[in-house]
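Have a look at the structure below, then the notes.
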Amino acid sequence: QAGPRAVAPSETTIGITWYDLQSNRSVKNRMFRYDDGSIAATWTMGMEASSYPDRGTGYNYFDGTTWGWGPTPEERIESIRCGWPSYSPLGPEGELVISHDFGAHTLYLNQRELKGEGDWEESAFGYTNGPPMLSWARHITSGPDNYKIHLLANSWEEYMGMEAATVYSRSTDGGDTWDYENILIEGMGPDDYNFIYADAYVWADPVGDNIAFLCAEAWHDLFMMKSTDNGETWEKTVIWEHPYPYFDWDVTITDTFFCVDNSATITLGTDGKAHVAFGISRVAHFETGGAYNYWPYVDGIGYWNEDMATFSGDLDALAPPQYGYANSEMIQDVNYVAWMQDVDGDGEVTLAADILSYRSLGPCTMPALTVDEYGNVILLFASTTETYVNDTYNYKHIWARAFNATAGIWEDFYDLTNDIVHIFDECIYPQVASSSDDNIYYMYNADQTPGLALDEDHAHQENRQIFASLEKIFFGLPVGVAEENVETFITVSQNFPNPVNNNTSVRVSLDESSSLSLELTNMVGQKMLTQDKGFVNAGSHEFRIDASKLQAGIYFYTVIADGVKVTKRMIIR
């Protein structure tokens, strides 16, 4: 690897909250990017510290130009104290938020016909079948006009022989009626698990009739439920088999084992195939009861897609490969794709005396994924980061890495929050929109102290909800006109040699006469040099680039032929 690199995303603070627990485990389904470029974002918001009587859904909306609800919305959208929103489109132009009243354990639906404007219409989720109390809703909508609502919720207490159950409901008419009410999908019931806890489940945004959700934590299988018919039938895939099936806190005693760190995410590519990322930890349950041991320095993000083999139930199946366990099934840059970075370049990651874990346990944790139309996979995650430290702990930053589908490789690591404005920021809970254009779109939470006030790690303080966009070109991924769409006209080689010390060459093949030029830009878009060959004949042409006077780093060269652009990345040492 070339090592971690810094970028300068475009960032906007879209909300403030003093309530800082955004999830018990995984976080997802809270932002959505529409085909017209508009974006809606939600979070759990509370401004009155301690008991937070004003807690509810914070909401902001981007119309393609501005965030229309102001920089810091201060009022929840619900009429009563709620939390844990999930968001989706509803109908041709509308939107839906489902959240829970944690006191009464009732779910509330807030909807309106036009996204970004008008009054919310609120209703309680009424049902005749299911647990007496429901909380921690996650939902998506599907179908041509997004009228099919798919809802997962937690039973809060014992249900159907499970300590806590996760149940599924479906409406095919926008929530007017429910044809499935709080059912236990086969493979998720009392014969399979003793519990599935709050926030252990996340949805992928649908692709056609393909819908899927993921269940993930340290104490049961990592598994996917997928339907190709909008929830009529389901197929279960156990991605990681838990080494202690049917784990029971009052019965099961374990050895140490590597596991999911309680955080994971899922997304579907345009082909409907699922992609999954998960944090890695190591735990043990040496005596009965709710206490357990974990190893906070066990580090890494795992990756799986439907073309890959699943993981066994061996104690060491998820052991990071650098630890040298013989039975590890993790392969670097294949299914083990992220880890803490050596920021200062001294050959090791040096942290403060202690490392602070969240309810997701790993130093690299809280992954978020998107897959673009070319099959490129972009991964975001929160990582404890060397050199950024307060008196006690290293800060977490938001990091990114991409799988280049054309090259078949995982590209370099990028620190997305290395700017000086984040030098004293703890950056966590990344979420990324499932759709992209030349940019990816994401949001995250930032405050000034590692840990959570809700977990009494520090005093209550202001948390910023930050929205950002970043050009995919920074990852070396194709943007604009896809190269395969212009191959019949122009073919551009990767520069050689690459990385570059002094001189490098780019070869271009044209199928017809054309104007031909090349531009070289740096990471922030500054033009470093241009070469214009004017109007040239069809055939092969070469650009020679003298890089001896350029600083080391990543650059992008764009070849332009009659207005058609092909951009590739070069590295200068």
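Both backbone and side-chain heavy atoms feed into the values below; hydrogens, waters and symmetry mates do not.
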| query | For the salt bridge (charged side-chain N to carboxylate O under 4.0 Å, His left out) test, which of Glu122, Glu93, Glu95, Glu121 pairs with Arg112? | reply | Glu95
| message | Taking the ring of Tyr197 and the ring of His220, is the distance between their centroids below 6.0 Å? | response | no
| Can Tyr244 and Trp219 be said to form a ring-ring contact (aromatic ring centres under 6.0 Å, His included), step by step? | CA-CA 8 Å; Tyr244 294 92; Trp219 306 105; 9.1 Å; no
| query | Can you find a heavy atom in the side chain of Lys148 that is under 4.5 Å from one in the side chain of Thr141? | reply | no
| Parallel, tilted or perpendicular: which fits the ring planes of Trp120 and Tyr59, with parallel below 30° and perpendicular above 60°? | perpendicular
| remark: Of Met225, Met224, Glu186, the one forming a side-chain contact (heavy atoms from CB on, under 4.5 Å) with Lys236 is Met225
| Between Trp18 and His460, does the ring centre distance come in under 6.0 Å? | no
| remark: Taken to the nearest 0.5 Å, the spacing of Tyr193 OH from Asp248 CG works out to 15.0 Å
| said: To the closest 0.5 Å, what do you measure between OG (Ser357) and CZ (Arg359)? | reply: 13.0 Å
| So Tyr19 and Tyr52, ring-ring contact (aromatic ring centres under 6.0 Å, His included) or not? Walk me through it. | CA-CA 7 Å; Tyr19 188 93; Tyr52 293 101; 5.1 Å; yes
| note | Taken to the nearest 0.5 Å, the spacing of Leu184 CG from Ser155 OG works out to 8.5 Å
| field | Within 45° cone of Trp203 ring axis and under 6.0 Å: Arg138 NZ or CZ | value | no
| query | At their closest point, which heavy atom of Ala137 faces which heavy atom of Leu151, and how far apart are they? | reply | CB-CD1, 3.7 Å
| Output field: ring centroids Tyr127/Trp178 closer than 6.0 Å | no
| query | Between Ile378 and Leu380, is any pair of side-chain heavy atoms under 4.5 Å apart? | reply | yes
| request: State, yes or no, whether a side-chain contact exists between Asn60 and Trp43 at a heavy-atom distance under 4.5 Å. | output: yes
| said: Give me the atom names and distance for the closest heavy-atom approach of Asn154 to Ala198. | reply: ND2-N, 3.6 Å
| task | Decide whether a cation-pi geometry holds between Lys115 and Tyr61; the criteria are a distance under 6.0 Å from NZ or CZ to the six-membered ring centre and an angle within 45° of the ring axis. | result | no
| task | Could you check His242 against Phe257 for ring-ring contact (aromatic ring centres under 6.0 Å, His included), going step by step and ending with a plain yes or no? | result | CA-CA 9 Å; His242 199 276; Phe257 63 96; 5.0 Å; yes
| said: Ring-plane angle category for Trp234 and Tyr168, please: parallel below 30°, perpendicular beyond 60°, tilted otherwise. | reply: perpendicular
| task | Can you sort out the partners of Arg25 under side chain to side chain donor-acceptor pair (under 3.5 Å), two or more places apart, ordered by chain and number? | result | none
| said: Please report the interatomic distance OG(Ser263) to NZ(Lys28), rounded to the nearest 0.5 Å. | reply: 13.5 Å
| query | What do the steps show when you test Trp339 against Tyr336 for ring-ring contact (aromatic ring centres under 6.0 Å, His included), and what is the final call? | reply | CA-CA 8 Å; Trp339 49 90; Tyr336 181 77; 5.4 Å; yes
| What distance separates Phe32 CZ from Asp205 CG, expressed to the nearest 0.5 Å? | 5.5 Å
| query | Would the Phe213 and Tyr201 ring centres measure less than 6.0 Å apart? | reply | no
| task | State whether Tyr87 and Arg30 meet the cation-pi test: NZ (Lys) or CZ (Arg) under 6.0 Å from the six-membered ring centroid, and within 45° of the perpendicular axis. | result | no
| field | Distance-minimising heavy-atom pair for Asp199 and Asn24 | value | OD2-N, 2.8 Å
| request: Please identify each residue that fulfils ring-ring contact (aromatic ring centres under 6.0 Å, His included) with His100, with sequence neighbours left out. | output: Trp84, Phe102, Trp136
